[in-house]
Amino acid sequence: MPLDENIYELRREKLKQIEALGQRTYPNRYDYTHTVAQILGTYSEKTAQQLEESRVNVRVAGRIMANRLMGKAGFAHLQQDGQRLQIYVKKDAVGEKGFELYRLLDLGDHIGVSGYLFRTRTGELTVHVEEITFLSKDLLPLPEKWHGLTDVELRYRQRYVDLVMNPEVREVFLKRSKLVQSFRRTMDAHGFIEVETPMMQPIAGGAVAKPFKTHHNALDVDLFLRIAPELYLKRLTVGGLDRVYEINRNFRNEGLGWRWNPEFTMLEFYQAYADFRDIMDLTQKLIEQAAQDVNGTKKSKWGEEEIDWSGSNWRRMTMREAIIQFWPEKAGAKPEMSEFGSHDSVRALVARFNAAGKHMAYDPSEPAGKTIAGLFEAVAEEHLLQPTIVYEFPVAVSPLSKKKAEEPDWVERFEIFAGQMELSNGFSELNDPEDQRERFEEQLKERARGDEEAHQMDEDYIRALSYGMPPTGGCGVGVDRLAMLLTNSQTIRDVILFPLLRPEKAGGSDQAENPEPK
RNA sequence: GGGCGCGUAGCUCAAUUGGCAGAGCAACUGACUCUUAAUCAGUAGGUUGAAGGUUCGAUUCCUUCCGCGCUCACCA
């Protein structure tokens, strides 16, 4: 019999003995007077003498994370909400039965204790226990106390154990929660309303990505998990909801990596009567505020580096300026603005770049704008550590943005970069239905050329625009990636509670996963 | 999908040139009424990821497979 199963059986046996002592094995509730955090917060300054003079009685619950039994007395630590409080159990104080119960407890069990606070000789605030109430059994052993759970895969698969064992993991997700709260606060304060739009869509639009496909039986139609909420949110601005936002998941059927999970969370918002510059300003403020709210400071550690989210530290440059500025020396003279103008000159830039020992994938039949965008990613992205707004994108990669009045090959679009990652993408929304139809048609040509991710025609969206959408600016902000940056997490899996993993093999040899008795 | 690396007790890790698979913690038994990685004495726990090969002998070398991590390409 594997040890785990052995322990499981053994602990079930203990559970029966606990029941025999008159305890309920899985009681429904426990009346406590304090949480662990409240006790630590309120009494950690009190001296031993003060606690002795005016006795503080408490009832408090938690999970046993350490136990040091010494014959007829013992110390244990209760963990609740990530904080630990020591308890002292003495046979004289809890009686025969109480002490028998204490001896039957295992690491990981939940108990409630009532007693009074005191300080031990070493000065630690401790509950002098007078009564123990059994609350719930841990039948499977927790990981070793000193090293804890370090196996990366197990940490993701059994996040519940990870959360019990690793306080810093708990901290990351508390910060993520603060980040989302901060976003909501900022959006609400600016008069935005939160909405929810379809996640199952007949046409997966609003972004460039491969969708997941699913099927609805009753209607007998194929549907796609959304790759973006964009087109639905903009339909709402047509409908007169002038400021809307949504915080929710998008799904993209693509590779996994340190900054990619197939489902990821975006804040996306639209504001009527605003253009991309207004949206830039708002998004910058939104992120600056989030950094402050999450960490209490606008500076955050990122590996060996530090990112400063203060407004004064943000840079802005056009995509073409960024390519020029970060052009590698090895690739010769920096490009001239005019060299972005024609298919041939762009192609020559790629040739120069690749000749310098770099490698950039390039399809000569693709539109020049697409190549420029690729060039930007290859040349500049790795240099964008501090928050940077890169604006003016090629129309060829921006089927939903409004063109720049004086340069119709370029659109009023921006992306925010930090920590070498794209964090955010926004633009002046294209609201001319005829232009939109032409853009979709261009995308269909790209599709025909073999680009599976090119945008599809969406007739209803064009119909919506045909009813008149006010001038509008919009933006999406990647919540997971910002959470990474604000918690110094080097992989997206560390900011997603249950990241996508290959499913575990069912049953069989891995008894640790199937401890149920036969 | 390509490249690199890893897989040994429940957990964290050892094992010399290919030569009897080990330690700490967790578990179990016992001692101990102020400990905090409690201590002390003892016990148990292994198909070394799987299959095959080389060898007198494989945790160690070779092949294949499985799983995981990192990385590159596509993607935000």
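Atoms considered below: every heavy atom in the structure, side chains included; atoms not considered: hydrogens, waters and symmetry mates. Keep in mind that what you see is a predicted model, and the values were worked out from it rather than measured. Each chain gets a letter, A, B and so on, in the order its sequence line appears, and its residues count up from 1.
Under the Watson-Crick or G-U wobble criterion, with both distances below 3.5 Å, B:U54 is left unpaired in every strand shown. Pair assignment for B:G10: B:C25, on the basis of Watson-Crick or G-U wobble contacts that are both within less than 3.5 Å. Under the Watson-Crick and G-U wobble criteria, each requiring two contacts below 3.5 Å, nucleotide B:G5 is paired to B:C68. Checking B:C34 for Watson-Crick or G-U wobble geometry (two distances, each under 3.5 Å) identifies no partner in any strand. For B:U17, there is no paired base (Watson-Crick or G-U wobble, both distances below 3.5 Å).
Taking atom CG on A:L482 and atom C1' on B:A76, their separation rounds to 13 Å, with Å as the unit. In this entry the distance linking NE2 of A:H128 with C1' of B:U35 reads 13 Å, nearest Å. The interatomic distance linking A:I87 (CD1) with B:U33 (C1') rounds to 15 Å, in whole Å. Per the geometry, CE belonging to A:M65 stands 18 Å off P belonging to B:C25, to the nearest Å. Separating the CZ atom of A:R252 from the C1' atom of B:C74 is a distance of 13 Å, rounded to the nearest angstrom. With rounding to whole Å, A:I7 atom CD1 is found 15 Å from B:C25 atom P. Atom pair A:K210:NZ and B:A76:C1' shows a separation of 14 Å (rounding to whole Å applied). Counting to the nearest Å, the C1' atom of B:C11 and the CZ atom of A:R157 are 18 Å from each other.
Where A:Y156 and A:W260 meet RNA chain B, the nucleotide closest to each residue was compared, and A:Y156 sits on the side nearer the 5' end. Residue-to-nucleotide proximity on RNA chain B shows that, of A:L256 and A:N250, the 5′-proximal contact is made by A:L256.
Residue A:N67 is classed as having no contact, given no heavy-atom separation below 4.0 Å to the nucleic acid. Contact annotation for A:F417: no contact, since no heavy-atom pair falls under 4.0 Å across all strands. Across all strands shown, A:L69 has heavy atoms under 4.0 Å from base atoms, whether or not it also approaches the sugar-phosphate. Within the nucleic acid shown, A:D151 comes within 4.0 Å of sugar-phosphate atoms alone, with no base atom in reach, counting heavy atoms only. A:R493 comes within contact range of the sugar-phosphate backbone alone, with a heavy-atom separation under 4.0 Å but no base atom that close. At the heavy-atom level, A:K90 lies under 4.0 Å from base atoms of the strands shown.
Checked against B:C11, B:U35, B:C28, the side chain of A:L154 finds its nearest nucleotide in B:C11. Relative to the side chain of A:Q86, the nucleotides B:G67, B:U35, B:U33 differ in distance, and B:U35 lies closest. Of the candidates B:C34, B:G69, B:C75, B:C34 carries the atom nearest the A:F118 side chain, counting heavy atoms from C-beta on. In the set B:A76, B:G69, B:U35, the nucleotide with an atom closest to the side chain of A:I492 is B:A76. Nearest to the side-chain atoms of A:T120 among the listed nucleotides B:A76, B:U33, B:U35 stands B:U35. When distances are taken from the side chain of A:V208 to each of B:A76, B:C74, B:U35, the shortest belongs to B:A76. Each of B:U33, B:A27, B:C75 was ranked by its minimum atom distance to the side chain of A:L10; first place goes to B:A27. Taking the side chain of A:D92 as heavy atoms from C-beta on, and the options B:C74, B:U33, B:A76, the nearest nucleotide is B:U33.
Donor-acceptor pairing under 3.5 Å, judged by distance alone, is present between the side chain of A:R481 and the base of B:A76. Between the side chain of A:E124 and the base of B:U35, no donor-acceptor pair of N or O atoms lies under 3.5 Å.
For the pair A:K14 and B:C28, the criterion of a side-chain N or O lying under 4.0 Å from OP1 or OP2 is met. Dashed line: the shortest gap from a side-chain N or O of A:R68 to OP1 or OP2 of B:A38 is under 4.0 Å.
A cation-pi arrangement is present between A:R413 and A:F393, with the terminal nitrogen or guanidinium carbon under 6.0 Å from the aromatic centre and inside a 45° cone about the axis. A cation-pi arrangement is absent between A:R252 and A:W260, since the terminal nitrogen or guanidinium carbon is not both under 6.0 Å from the aromatic centre and inside a 45° cone about the axis.
Separation of the P atoms belonging to B:G3 and B:U64 is 11 Å when rounded to the nearest angstrom. Comparing the P positions of B:A14 and B:A23 gives an interatomic distance of 16 Å, to the nearest angstrom. A distance of about 6 Å separates the P atoms of B:G49 and B:U8, rounded to the whole Å. If you take atom P in B:C74 and the same atom in B:G46, they sit 49 Å apart, rounded to whole Å. As rounded to the nearest Å, B:A21 and B:A58 have P atoms that lie 10 Å from one another. Atom C1' of B:C25 sits at a distance of 30 Å from the matching atom of B:C66, rounded to the whole Å. A gap of 12 Å separates the P atoms of B:U48 and B:G10, to the nearest Å. When the P atom is compared between B:G19 and B:U60, the two are found 11 Å apart, to the nearest whole Å.
The shortest non-hydrogen separation linking A:Q83 to A:L40 is OE1-CD1, 3.5 Å. Pairing each heavy atom of A:S489 with each of A:D494, the nearest pair is CB-CB, 3.9 Å.
Here the options are A:V89, A:I64, A:V60, the test is side chain to side chain contact (heavy atoms under 4.5 Å, CB included), and the partner is A:I111; only A:I64 passes. The side chain to side chain contact (heavy atoms under 4.5 Å, CB included) test with A:L225 singles out one residue from A:E263, A:M200, A:M199, and that residue is A:M200.
Below 30°, between 30° and 60°, or above 60°: for A:F326 and A:H383 the angle between ring planes is below 30°, a parallel geometry.
Side chain of A:E392 to main chain of A:V411: no donor-acceptor pair is present (N/O by atom type, distance under 3.5 Å, no hydrogens or angles).
A:D81 has a carboxylate O that lies under 4.0 Å from a charged side-chain N of A:R170, or vice versa, which qualifies the two as a salt bridge.
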